[in-house]
Amino acid sequence: MMLQLTQIQTRSWIFVLSFLPALFLLTGSAQAASLDEASSKAIVQEIQAMVKTRESKIPEFVVREATPERINLFYNSPQLSQQTTIIRENGLIFAGHGKLLSFNKPSDVLAKMEAWFPDELAATRAMKEPRFFGKINLFGPYQDWDAEPAAFIALWKCTPQSAWVRPAANPFMRRRGQDLLFMPGAANSSAVQEYDFAHCIRQRIGFQTAFTDAEVVRMQQDSKKVADKVVPVLVQKFTQLLATSRCSGTGPDDCVLVMRQWASLAPADTALAKTMQALEAELALDAPAVTSQASLPTQKAGKRGEDGLPQFDDVLRRAAYLRAKLQSVLAAPSAWPASALTTTLQQMTALRIAAIPAMAHNGQLYEIDYRNEAVNPWAVVAERIDRSPQLRDAVLAELQHIGKPVGDDCSLFSQWLTHAGAGMNSEYALLHLADKPASSCVAPNWGLRQDKVPAEQPEKAEKSESALELRGRFIDYLNHTESAAVRELILDKLTSNGSACFGKPAPAVWLRELCEKWISEPQTVTLKLARSKLVLDKTQQFSKKSSVQPLADASGVVKQAGQAQSGWLAKLLDGMSGAALSDMQVLAADLEKRQIKVQEAAVWRHPRHANRMLELSLNDEQATRLFFIAGPGGMKAFSVPARFRGGQGQNNLAQVSDLDGDGNLELWWAESFNICAGDAGDKKRRADCSATSADMGEVSGDSLTYFVRSPKAAAAKTIVQPAVKKAAADDAAYVAQARLEPQTCNVALLADTLEDKLHINFAFSRNVENGDLIALVCKSHPLHEDRTVVALFHDLRNKKGEVREDAKGFVMAVINTNKQQLLQMYREKVELDASTRIYDGSLRLDTARYNLAPGLRALGVRMNIGHSPKCADGGIDDFLMLMIEEGKKLRPVLKNMAMAGWRLIDGPPCSRGDKLIVTDNVERDIVVLPGTTNGWHDLQVVARHTITTDNGPEGENAKPVLKTEIETILRAKDKQYYGW
């Protein structure tokens, strides 16, 4: 029965390691010599009979030769080394009674195993990733065993493999490629609970295969009896070890490992609480974890980022201790000082601070979650917080003690908010929603829309009631806050970006009331608002004027930078009241004090409206954009939520209006916004057809938010509506027709302007005979309303008129749509190979504020033409080209910079889905820096990495690791950019 290859299914896996000499065996070799050859042979024959015995029949096995006394002699005799592994493994089944499996401390267990299985342990140590699987497989303990032998086998099976593999070292140390060392030998899956010592003792030791329901019941009963027998012995051994050795041990005797196992078995044990309090000073919990300069995240990592590991290993050891301490404090509070819970949570925060450099420097290896969940003290918070109001209050107090989050670095808060339950994020957010500046770390759990508990899930009742209570508090906050930015956030989340107000099924009563008060239209709209029936026609549109900061005054004399900027900004408000001018002077003075330049400005105004909308682009490292409403009462800044700007901020402010005349301006965001019918009339209208819809919101106080129609404000409108003329009626008819066949570009207009000059056929469909266009995109020029930027790929043909498959043509141009005039153009041939693919979605115009020098703004185009062949180990895509306008030409100043890419960090290029795959996906952004080289601004390339792990050693995919780094600085030379 006990053939070695089948034992994985019938008996628990066991793992071993140590180089301690046989001198430390508790039974002397003098006795072993008295075992004669015949007796030894008889014992082996009985062990062989045991090998063939079905495991469920072991309790019925009649022992004749392998008595406890003779087994003791056999395992301490020279004959033992001559036996096969399977004989030595199965022979220990006879040691359930007697003194062979006696021990005082964990290292005694290791010493005996080292003497009995020296070759197996050596083979395990020699592996690249040491594992006991397949090396040693011990059986038991069984229900009829004595307590100490049962505890011996249980300790061997349930102690982490790392303690047996590295007996002279910190058992919590981590190394790449050694992910399973902390898994106990008896674990039967990679689930997190399998790493828990108590779970192993109570569920895994003595595991036997059961084939009938009756056997299952009997196995469970036997396992409970074994655990009840083992736990007191282990607690007694742990108590004695820590009382005598304190924290001088290593490997399996490491005091933190022992305390972790003790706390898992008996967290309410008052002796554990007293022991931990007596030993805590020896653990130096307040010492800085990372001290060597090479270990800091600002330093370049060594090979695979492994420098500084001893310091980081200590972080994980501290984590294991705090996990045990928190278990004890929560289970036996009377055995601890009254402040123990608060102190422990503060120590966990200090641990998090110590761990942040480790994670930043070594990636997932030292992330307390996922790879090191077995020592994660925050996991205890997750287990207990729903059952302990005291813990919930203490965690919220600790979050407040940490202080207000700033910016987007949430590493100090993430463990608390992740493990403290869905409600904690919301509780915490209610305290910090109005913080200035706002932080992305304040992210409530917005699953607050459940109105009732499903009948089949009564266990969710408590959580549902809590969610409803929190929802009410957020709605009350929304109705009373003076900050439109906070109101915008709450509305956005509670209404799923407004879509829940208008979709199906009909919104619940609470949501309908919320929507009726705060949201009149969804975010994405067309020229005619579907519910308000208001139309963005030409009479309603504000006109836009863009300008860049001049280098000199009217006489040609260059002023000081601050004076020139102040005067230029004041001119943006020509004709406005003194209050607005005064506010502008304050803004200009503040910018001058901080030595920040406004690189570009746009003013939106209407002849019959008292307010103007200003957009200022700053020349700082963040390429900040400031938005203001300027009116009779002065200038007021407002923010624009990211949802209006689209992915990667590609949406531009396309239109400004005040459709309901309430004085609050609406902003329309798109790549550019109008609608074409797709017929010959497009050319007549000179229409720019880059977008058929826009994201629209209304400025309210300090934020752009959802549009709310204010019909009662009609008498106080600040726009005087003109009489409807025939032209306006024609526009309305045009709008209705336009929605039938939206087009991306006005192809007819472009054909008239470009077709003859390019000598290509502008028939867009590939099914049209001789149609050459492959991809075509258009976008309004960011500085000139009457100009359109065009980019296209087209077919190239050989002398026979056949389409070439090895190359395609690329064109970028600026045209005057009113005059059908080609102003500038760039043209090149793109060679195709295995890493390049061109299709109809391969182009995107990028008109971000690439202000390279005073008065010089580049136009960008991105080519999505990268292709990764099958089984590739990496690839690049999203190639950026920056062009400047020079006379009648567009000239590239940055060519084909890959703004996206991926590479395989670990794993095979071709995987069948069962191999470890670690991938680094990177997206890049360009920031225009204030500094210059040769008169042009330096460009900072910021790389945002997303590192994903699939099919990891624990069997699950890892949480993605996000990293941001400054990759390089591009500097101008000969009016081009180099350095990438």
Side-chain angles (χ1 to χ4, degrees), residues 676 678-680 682-683 689-690 741-779 788-815 817 820-846 859-872 874-883 888-892 894-901:
C676 287
D679 59 16
D682 289 347
K683 182 171 70 172
C689 314
S690 300
E741 293 185 44
Q743 301 290 319
T744 55
C745 285
N746 189 334
V747 179
L749 182 65
L750 295 178
D752 280 355
T753 307
L754 296 174
E755 196 166 40
D756 291 340
K757 295 178 177 63
L758 299 178
H759 303 291
I760 62 174
N761 189 331
F762 264 71
F764 198 90
S765 172
R766 306 302 297 275
N767 295 323
V768 175
E769 183 179 0
N770 295 324
D772 290 323
L773 288 182
I774 303 173
L776 174 65
V777 289
C778 308
K779 198 169 188 179
T788 296
V789 184
V790 182
L792 60 91
F793 281 124
H794 65 87
D795 279 328
L796 296 174
R797 298 178 181 273
N798 58 26
K799 294 181 179 180
K800 297 180 180 180
E802 299 168 334
V803 174
R804 292 180 55 181
E805 299 300 334
D806 61 339
K808 301 298 176 184
F810 167 72
V811 175
M812 186 169 175
V814 177
I815 66 172
T817 51
Q820 292 182 247
Q821 179 182 9
L822 173 62
L823 301 177
Q824 289 97 15
M825 185 175 71
Y826 172 81
R827 193 171 191 179
E828 73 170 358
K829 181 172 66 174
V830 179
E831 303 287 347
L832 301 186
D833 55 29
S835 63
T836 305
R837 294 287 187 273
I838 292 178
Y839 58 100
D840 56 2
S842 289
L843 287 173
R844 180 166 67 87
L845 288 165
D846 180 356
L859 302 172
V861 62
R862 293 176 182 253
M863 301 181 181
N864 296 309
I865 60 176
H867 174 72
S868 298
K870 184 178 180 181
C871 297
I876 54 177
D877 198 4
D878 196 18
F879 298 95
L880 173 65
M881 187 181 297
L882 294 182
M883 305 275 194
K888 294 183 179 181
K889 295 182 179 180
L890 289 175
R891 181 173 69 83
L894 177 68
K895 281 196 73 173
N896 303 330
M897 180 176 181
M899 302 300 287

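Once rounded to the nearest 0.5 Å, the distance linking CG of Leu792 with CG of Leu750 reads 8.5 Å. Between the CE atom of Met883 and the CG atom of Leu894 there is a distance of 10.5 Å, given to the nearest 0.5 Å. With rounding to the nearest 0.5 Å, the separation of CG in Asp833 from NE2 in His867 is 10.0 Å. Distance CD1/Ile865 to OG/Ser835: 8.5 Å, rounded to 0.5 Å. Leu796 CG to Ile760 CD1: the interatomic distance, rounded to the nearest 0.5 Å, is 9.5 Å. In this structure, Thr836 OG1 and Lys808 NZ are separated by 12.5 Å, a value rounded to the nearest 0.5 Å.
Looking at heavy atoms from C-beta onward, Leu832 lies out of side-chain contact with Glu805 at the 4.5 angstrom threshold. By the 4.5 Å heavy-atom criterion applied to side chains, Val803 and Arg797 are counted as neighbours. Using a 4.5 Å heavy-atom cutoff, the side chains of Arg844 and Val777 are not in contact. Using a 4.5 Å cut-off on side-chain heavy atoms (C-beta onward), Ile815 and Leu822 make contact. When side chains are defined from C-beta on, Arg891 does not count as touching Lys889, because their heavy atoms never get closer than 4.5 Å. The closest side-chain heavy-atom distance from Arg804 to Asp795 is not below 4.5 Å.
Smallest separation of non-hydrogen atoms from Leu890 and Gln824: CG-CB, 3.7 Å. Between Met812 and Gly860, the shortest heavy-atom contact is CE-O, 4.1 Å. Across all non-hydrogen atoms, the minimal contact from Ala791 to Val861 is CB-CG2, 3.9 Å. Taking each heavy atom of Ser842 and Ala775 in turn, the nearest pair found is N-CB, 4.4 Å. The two atoms that bring Met863 and Leu843 nearest to each other are CG-CD2, 3.9 Å, heavy atoms only. Listed here is the closest heavy atom pair of Leu754 and Phe762: CB-CZ, 3.8 Å.
Between the side chain of Asn896 and the backbone N or O of Phe879 there is no donor-acceptor pair closer than 3.5 Å. Judged by distance alone, with hydrogens and angles left aside, the side-chain atoms of Arg827 form a donor-acceptor pair with the main-chain N or O of Leu758 at under 3.5 Å.
Looking at residues two or more places apart in sequence or on another chain, you find a ring-ring contact (aromatic ring centres under 6.0 Å, His included) between Phe810 and Phe793.
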Kindly determine whether Leu749 and Thr788 satisfy side-chain contact (heavy atoms from CB on, under 4.5 Å), including the steps that lead there. CA-CA 11 Å; Leu749 182 65; Thr788 296; over 6 Å; no
